[in-house]
**Q** 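First the structure, then my questions, so here it is.
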Amino acid sequence: MPTTVRSHAKINLGLYIGAPRSDGFHPLATVYQTIELHDYVTVSAHPAPETSIRLTSNDPRVPTDSRNTAWKIVALELERLGARASVSIYIDKRLPIQGGLGAGSANAIAAFVALETELERSRQKDRALTGTPPSWLATLQFAETIGLPNKEPSLLNTGNWPSSQLDVAAKVGSDVPLFLIGGAVLGRGRGEIVYPLPDIDSTWCVIATPSIGVSTPQAFHDWDSLCVSEGLTVHASEDRLEQLSRAYVSAFTEAMHGRSSSGVPAYDRDLAGPQESALVRTGITSWIQNDFERVVFPQRPSLAEIKRLLAADGSPEAALHASLSGSGSALFGLYLTREHAQAAQHRLTAAGVQSQITQTLPRSKYWTEMIVE
């Protein structure tokens, strides 16, 4: 029986980029946050004399060969396992293909999880005879055992991590590993080094999907030019990104213990503002930003206008935070109530911008709801 998996999107709660390294990659610091919007990925797999992979989709824009991230990760994992199988992958596309929401990367991990589930079924009979232990997917309940960080990023608990699976994911793409964690995830390196952060409660979210696109390579090129003009060096970048990473970890950890990163008690009802929001308790909404906005908005001023509509600064329905996601062109706003999110969607609709209302997705819910069948 085929296995169907929800392939959830992500947003970036801040995205800080460094000057390009000697290998051409850019170091960064970000917090990835999974959201409820998703594609569906269905995989069927069974042992075969030779490996074959077939991929189809309801969207003709989706590559159906080895360029596809789902195809790549299935091929790499079979190679890592030394296994041969006949694999069919179907991607029911509902997310934007190139929008800064990590849809393609999420498809890879959904296919990965579905493949492991399919292979696990085929192993069950042998396990009953030989006592072979179940796979990492069956034994590691991520939401419970993956570990939470200390305040120092260097002290993060990685003892329970599926390191070989994370290595495979990183070979497919920089933001693929985050989807092996889910929830709130600190991203370092070029985005492929990931650490789970303490989860925050679900927050209402509006995703705006403009009709225009953004070229990520061009955005990085423009960023490189900005680094040169401002004299930002690789060394200075690393110092900045390390400081920001520590600030992220401290903010989420202190919020988990009932205090904001500024030291303000989380539930002081005498303070102005939405103090009951878990996102606000982290304190990050007062300082996070997306560096890509500095180079994308001048080229695409309509995206800056969409952010303004999402933010609605000064209004009763103002966003807790609004930003470009990744390099775009999708943008998002986070809101205290569903009514505030609906008001934002109405503003976007009046401006002719498509949008969807969703919620952020904590790690426990991400894993318990991932496998459909």
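When reading the values below, keep in mind they use all heavy atoms of this one structure, side chains included, and skip hydrogens, waters and symmetry mates. Just so it is clear, the model here is predicted, and its values are computed rather than measured.
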**Q** Specify the closest pair of heavy atoms between Ala208 and Leu310, including all atoms of both residues, with the distance to one decimal.
**A**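 It is CB-CD1, 4.3 Å.
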**Q** Parallel under 30°, tilted from 30 to 60°, perpendicular over 60°: which one fits the rings of Tyr248 and Phe252?
**A**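 Tyr248 and Phe252: tilted rings.
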**Q** Do Ser245 and Arg188 get their side chains close enough for a donor-acceptor pair, meaning under 3.5 Å?
**A**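 The answer is yes; a qualifying pair exists.
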**Q** Please answer: with hydrophobic residues joined when any side-chain heavy atoms are less than 4.5 Å apart, are Val296 and Leu232 in the same cluster?
**A**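 Shared cluster, yes.
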**Q** Does any N or O in the side chain of Ser237 come within less than 3.5 Å of the main-chain N or O of Ala19, such that one atom is a donor and the other an acceptor?
**A**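 Here the side-chain-to-backbone pair exists.
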**Q** Taking everything shown except Gln289 itself, do over 12 heavy atoms lie less than 6.0 Å from its CD?
**A**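 Above 12, so yes.
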**Q** Side chains of Ile73 and Ile109, heavy atoms from C-beta outward: is any pair under 4.5 Å?
**A**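 SC-SC contact between Ile73 and Ile109 confirmed.
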**Q** For the side chain of His8 and the backbone of Ile35, is there at least one donor-acceptor N/O pair under 3.5 Å apart?
**A**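 Side chain of His8 to backbone of Ile35: a pair is present.
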**Q** May I ask you to check whether over 12 heavy atoms, not counting those of Glu79, lie within 6.0 Å of atom CD?
**A**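 Open.
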**Q** Does Ala247 offer a backbone N or O that forms a donor-acceptor pair with the side chain of Ser250 under 3.5 Å?
**A**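 No.
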**Q** Which residue, Thr56, Leu55, Ile89, forms the side-chain contact (heavy atoms from CB on, under 4.5 Å) with Thr64?
**A**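 With Thr64 as partner, Thr56, Leu55, Ile89 yield a single side-chain contact (heavy atoms from CB on, under 4.5 Å), made by Leu55.
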**Q** Side-chain contact test, heavy atoms from C-beta onward, threshold under 4.5 Å: evaluate it for Asp39 versus Asp92 and give yes or no.
**A**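 Of all side-chain heavy-atom pairs linking Asp92 with Asp39, none is under 4.5 Å.
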**Q** Measuring from atom CD of Glu118 to atom CD of Glu116, what distance do you get when rounded to the nearest 0.5 angstrom?
**A**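 So the gap between those two atoms works out to 11.0 Å.
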**Q** So if you build clusters from Ile, Leu, Val, Met, Phe, Trp, Tyr with side-chain heavy-atom gaps below 4.5 Å, do Leu95 and Tyr90 land together?
**A**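 Per the 4.5 Å side-chain linkage, Leu95 and Tyr90 are not co-clustered.
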**Q** More than 12 non-hydrogen atoms from neighbouring residues, nucleotides or ligands closer than 6.0 Å to CZ on Arg54, yes or no?
**A**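 No, because the 6.0 Å sphere around CZ of Arg54 holds 12 heavy atoms or fewer from other groups.
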**Q** Check whether any side-chain N or O of Thr69 sits under 3.5 Å from a backbone N or O of Gly104 as a donor-acceptor pair, and report yes or no.
**A**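 Looks like yes, one N/O pair under 3.5 Å.
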**Q** Hey, could you give me the CG/CD distance between Asp222 and Gln218, rounded to the nearest 0.5 Å?
**A**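 Between atom CG of Asp222 and atom CD of Gln218 there are 4.5 Å.
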**Q** I'd like to know if the side chain of Arg338 reaches the main chain of Ile357, judged simply by a donor and an acceptor atom lying under 3.5 Å from each other, with no hydrogens or angles considered.
**A**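 Not at all, since once roles are kept as given, no pair shorter than 3.5 Å links the two residues.
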**Q** What's the verdict on side-chain contact (heavy atoms from CB on, under 4.5 Å) for Leu244 and Trp287, showing C-alpha distance, side-chain angles and the deciding distance?
**A** CA-CA 10 Å; Leu244 288 163; Trp287 55 264; 3.9 Å; yes
**Q** Check Val87 against Ala45 and note the closest heavy-atom contact, atom names and distance.
**A**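 Nearest heavy atoms, Val87 then Ala45: CG2-CB, 4.0 Å.
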**Q** Specify the closest pair of heavy atoms between Ala318 and Asp313, including all atoms of both residues, with the distance to one decimal.
**A**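 Nearest pair, atom of Ala318 first, then Asp313: CB-CA, 4.4 Å.
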**Q** Evaluate the side-chain proximity of Arg80 to Gln165: yes if any heavy-atom separation is below 4.5 Å, no if none is.
**A**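 A side-chain contact under 4.5 Å exists here.
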**Q** Kindly work out whether a path of hydrophobic side-chain contacts (I/L/V/M/F/W/Y, heavy atoms less than 4.5 Å apart) joins Leu361 to Tyr40.
**A**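 Each belongs to a different hydrophobic cluster.
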**Q** Check the pair Arg67 / Trp71 against side-chain contact (heavy atoms from CB on, under 4.5 Å), numbers first and verdict last.
**A** CA-CA 7 Å; Arg67 295 172 297 163; Trp71 179 303; over 6 Å; no
**Q** Is the backbone of Phe332 close enough, under 3.5 Å, to the side chain of Lys307 for a donor and an acceptor to pair up by distance?
**A**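 No: the side chain of Lys307 does not pair with the backbone of Phe332.
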**Q** Do Thr117 and Val43 make a side-chain contact, defined as non-hydrogen atoms from C-beta onward lying under 4.5 Å apart?
**A**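 Thr117 vs Val43: side chains apart.
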**Q** Can Phe112 and Leu180 be said to form a side-chain contact (heavy atoms from CB on, under 4.5 Å), step by step?
**A** CA-CA 9 Å; Phe112 193 42; Leu180 272 175; 4.1 Å; yes
**Q** Between Arg190 and Asp23, does any side-chain N to carboxylate O distance fall below 4.0 Å?
**A**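 No, this pair does not count.
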**Q** Side-chain heavy atoms nearer than 4.5 Å, only ILVMFWY residues, links allowed to pass through others: does that put Ile371 and Leu119 together?
**A**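 Same cluster.
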**Q** Under 4.5 Å between side-chain heavy atoms, hopping through other hydrophobics if needed: is there a path connecting Leu76 to Leu78?
**A**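 The answer is yes; both residues are in one hydrophobic cluster.
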**Q** Let me see the working for Arg6 and Val372 under side-chain contact (heavy atoms from CB on, under 4.5 Å), right down to the final yes or no.
**A** CA-CA 7 Å; Arg6 291 182 178 90; Val372 179; 3.6 Å; yes
**Q** Closest heavy-atom contact between Gln359 and Ser202?
**A**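 Closest approach of Gln359 to Ser202: NE2-CB, 3.9 Å.
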**Q** Roughly how far, to the nearest 0.5 Å, is the OG1 atom of Thr360 from the CD atom of Glu36?
**A**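 With rounding to 0.5 Å, CD (Glu36) is 8.0 Å from OG1 (Thr360).
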**Q** Would you indicate whether the side-chain heavy atoms of Leu334 and Ile11 approach each other to under 4.5 Å?
**A**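 They are in contact (side-chain heavy atoms under 4.5 Å apart), so the answer is yes.
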**Q** Leu279 versus Thr285: any side-chain heavy-atom pair under 4.5 Å?
**A**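 Answer yes - side chains close enough.
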**Q** Could you state the interatomic distance from CD (Gln354) to OG (Ser211), rounded to the nearest 0.5 Å?
**A**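 If I round to the nearest 0.5 Å, the distance is 8.0 Å.
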**Q** May I ask you to test the Glu369-His38 pair for a side-chain heavy-atom distance under 4.5 Å?
**A**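 No, their side chains stay 4.5 Å or more apart.
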**Q** If you compare all heavy atoms of Asn12 against all heavy atoms of Gly100, which two are closest, and at what distance to 0.1 Å?
**A**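 Closest approach of Asn12 to Gly100: OD1-O, 4.2 Å.
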**Q** For Pro49, does its backbone N or O pair with a side-chain atom of Arg84 as donor and acceptor, under 3.5 Å?
**A**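 Side chain of Arg84 to backbone of Pro49, a donor-acceptor pair under 3.5 Å: yes, one is there.
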**Q** State the CD-OG1 distance between Gln33 and Thr203, to the nearest 0.5 angstrom.
**A**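 Going from CD on Gln33 over to OG1 on Thr203, the span is 7.5 Å.
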**Q** Work out which heavy atom in Arg363 is nearest to a heavy atom in Ala184; give both atom names and the distance.
**A**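 Shortest heavy-atom separation between Arg363 and Ala184 comes out as NH2-O, 2.7 Å.
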**Q** Short question: side chain of Asp175, backbone of Gly102 - any donor-acceptor pair under 3.5 Å?
**A**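 Checked: no pair found.
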**Q** Does the Thr358 side chain pair with the main chain of Cys205, one donor and one acceptor, at a distance under 3.5 Å?
**A**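 No, because the side chain of Thr358 does not come within donor-acceptor range (under 3.5 Å) of the backbone of Cys205.
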**Q** Please round to the nearest 0.5 Å and tell me the distance separating atom CZ of Arg240 and atom OH of Tyr16.
**A**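 The distance works out to 7.0 Å.
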**Q** Within a strict 4.5 Å, meaning less than it, do heavy atoms of the His26 and Asp224 side chains meet?
**A**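 A side-chain contact under 4.5 Å exists here.
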**Q** Between Asp291 (side chain) and Ile17 (backbone), is there a donor-acceptor pair under 3.5 Å?
**A**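 Between the backbone of Ile17 and the side chain of Asp291 there is a qualifying donor-acceptor contact (under 3.5 Å).
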**Q** Which residue pairs pass the ring-ring contact (aromatic ring centres under 6.0 Å, His included) test with at least one member in residues 288-315, sequence neighbours excluded?
**A**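 For residues 288-315: Phe220-Phe292.
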**Q** Using a distance-only test with no angle check, is there a side-chain donor-acceptor pair under 3.5 angstrom linking Asp239 and Gln243?
**A**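 No donor-acceptor contact under 3.5 Å links the two side chains.
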